[in-house]
Amino acid sequence: MNSRRPSDPFARKPIETLLKEMEGGERLHRVLGPLALTALGVGATIGAGIFVLTGEAARNDAGPALVLSFLLAGIGCGFAALCYSELASMVPVAGSAYTYAYATLGELFAWIIGWDLVLEYAIGSSAVAVGWSKYLAALFRNQLGITLDPRWLNAPWDFDPARGAFAWKLVPIAGADGAVEMAQAWFNLPALLIILLITVILVVGIRESAGFNAALVLLNLCVILMVIGVGATYVDPNNWRPFFHREFGWKGVARGAAHIFFAYIGFDSISTHSEEAKNPRRDLAIGILASLAICTTLYVVVAGILTGMVPYAEINVDAPIADAFQRHGGGWAAGLITAAILAGITSSLLVGMLSQPRVLLAMARDGMLPMSVFGAVHPRFLTPWKSTILMGVVVGIIAALVPLGVLADLVSVGTLFAFVIVCVAVMVLRRRSPEVERPFRVPALYLVASLGILVNGGLMFSLGRDNWIRLVVWLGLGMVIYLGYGRYHSRLGSEPNSPGR
């Protein structure tokens with residue numbers, strides 16, 4: 001029986017308490033300027049969305065109208081990004097939406113959104129790693145003439161949305177007599193290995209990780225411009241007709257926006273690094289808004305190029321851009337682009353896994369998770385090393401065993417949920433704490449935040465019942481942990497006259 005006094009689930013953590021906490025305890029290095037923060041956001045965003053999910057969303061949801069899907073998702077993100085910018089400039093501490101919810105909506109809502117962010121980053125990183133594996137296989141197959149064993153490239157099971165059921169994954173392999181046989185997939189080995197490598201890099205330190213990421217982002221931008229420049233010469237306008245998906249029409253635009261939405265978590269990852277920003281009250285807003293503008297523009301242009309190069313019904317969903325260039329005989333270009341895409345996806349993976357331990361660190365500092373594990377900062381590298389290693393192992397196992405489609409949709413619904421909460425939080429905080437300094441203020445706040453809730457909430461409903469069920473199950477598991485541990489170890493609840501109650 002737990003002898004600790006349970007906390008008030010609706011107790012709020014005052015802004016002055018958050019700001020005071022920045023001055024003491026084990027703090028992270030403030031080494032990131034606006035360019036580094038923008039690079040982190042761009043790196044988290046363009047790797048996953050452009051290279052992994054564009055083909056699947058075009059083929060299965062929106063057709064060439066995928067450009068409208070990216071615009072719709074960008075608009076929803078824009079409303080949320082403005083809200084993030086105000087909150088991040090006010091409360092420049094680690095934790096992102098979790099910290100904002102704690103200050104505005106109370107401990108229970110903070111736990112819910114924090115647990116949702118665990119889902120967002122852990123599953124999101126797993127999805128990106130699976131996409132990385134697909135492009136690695138394409139590089140070996142198309143440029144080196146080596147076909148990797150598909151049993152080591154796929155999760156052992158798959159989900160059929162038409163039947164709403166799971167089934168074992170069978171993959172074709174060459175038998176002893178040269179005939180093609182169907183065999184049970186084992187697990188995704190390349191996805192597991194890249195995650196373990198990134199985990200080692202992240203333990204070394206934020207400065208080294210940010211520098212490595214900046215180099216990958218620069219390479220990523222160069223290859224995207226190459227995709228646009230070279231790909232435009234292969235565009236056939238006839239491939240854009242019909243413009244909307246034959247089966248889904250306008251509805252497919254919303255479906256496509258919802259399915260690719262997890263690729264927009266880049267600016268959320270910026271806010272998780274508030275404690276490591278040199279001038280957080282100014283630089284965070286710059287990084288969030290700049291990365292969103294850059295990435296939305298690139299998404300729209302590349303989606304138009306891809307659907308113009310290949311009829312949407314024929315797009316390869318595993319490695320769409322590499323396959324599109326291969327179809328047009330661009331062997332050297334396809335090889336160079338595929339290699340650079342691998343670097344870009346690595347950048348996206350690095351930022352996602354860099355952000356996750358920072359959220360867990362904030363939760364541990366509040367007593368919601370064990371401090372000895374999730375709050376431990378390495379004495380030499382000054383990074384949350386234990387949680388980084390733990391999450392690396394968990395993310396690696398998920399990437400090895402779960403198919404891409406299930407991962408991507410689950411992250412999208414979690415990301416949209418987080419954005420809705422942030423839009424609510426910024427309105428609540430304007431009313432409850434109008435005296436707090438706001439270096440960045442959302443223009444026409446109540447209109448912008450309300451539209452953010454409307455657009456992002458509407459996209460959640462485009463993801464279907466199965467994803468809502470998975471989200472509810474995940475949040476239910478989180479509630480068990482909160483009621484059994486977090487509520488009894490909350491630092492706010494342990495204070496006899498805790499403010500905000």
Side-chain angles (χ1 to χ4, degrees), residues 18-19 22 27-49 74 77-97 99-100 121 202 205-222 224-225 263-299 344 346-359 361-362 382-383 419 422 426 436-443 448:
L18 289 169
L19 297 176
M22 292 171 55
R27 300 289 108 181
L28 303 176
H29 265 325
R30 289 197 178 277
V31 296
L32 303 179
L35 288 178
L37 290 167
T38 301
L40 284 170
V42 172
T45 306
I46 59 178
C77 284
F79 294 136
L82 290 169
C83 296
Y84 265 98
S85 296
E86 177 168 323
L87 293 172
S89 67
M90 289 175 59
V91 193
V93 296
S96 182
T99 300
Y100 311 150
Y121 284 110
L202 291 178
I206 180 65
R207 186 189 301 273
E208 293 76 8
S209 301
F212 177 61
N213 175 71
L216 291 179
V217 169
L218 180 61
L219 174 61
N220 212 350
L221 291 175
C222 290
I224 290 174
L225 294 177
Y264 276 97
I265 67 174
F267 68 83
D268 179 277
S269 70
I270 294 175
S271 67
T272 67
H273 297 285
S274 299
E275 195 173 308
E276 292 150 293
K278 292 179 181 178
N279 185 1
R281 294 185 180 276
R282 182 201 67 177
D283 296 347
L284 290 169
I286 294 174
I288 288 171
L289 296 174
S291 64
L292 177 61
I294 292 170
C295 294
T296 301
T297 302
L298 293 174
Y299 277 154
T346 302
S347 170
S348 178
L349 183 59
L350 183 145
V351 178
M353 294 185 64
L354 187 69
S355 304
Q356 173 71 91
R358 273 74 186 167
V359 176
L361 174 62
L382 297 179
T383 56
F419 289 177
V422 167
V426 73
V436 177
E437 181 186 1
R438 289 169 168 80
F440 178 89
R441 296 176 68 90
V442 178
V448 168

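Just so you know, these numbers use all the heavy atoms, side chains as well, and skip hydrogens, waters and symmetry mates. Note that this is a predicted model, so its numbers are computed, not measured. The first residue in the sequence is number 1, and the count goes up from there.
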Considering all heavy atoms, the nearest Ala81-Leu292 contact: CB-CD2, 3.6 Å

Shortest non-hydrogen separation from Leu82 to Phe440 and the atoms involved: O-CE2, 3.6 Å

So, for Arg441 and Glu86, which heavy atoms are closest and what is the spacing to 0.1 Å? CA-OE1, 3.4 Å

For the atom pair CG (Asp283) and CD1 (Ile288), what is the distance rounded to the nearest 0.5 Å? 11.0 Å

Restricting to non-hydrogen atoms, name the atom on Gly74 and the atom on Thr296 that form the minimum distance, rounded to 0.1 Å. CA-OG1, 4.1 Å

Heavy-atom pair with the smallest gap, counting every atom of Ser291 and Thr38: CB-O, 3.8 Å

So do Val442 and Phe79 actually touch side chain to side chain, heavy atoms under 4.5 Å? no

For Val448 and Pro443, which heavy atoms make the closest approach, and how far apart are they? CG2-O, 3.2 Å

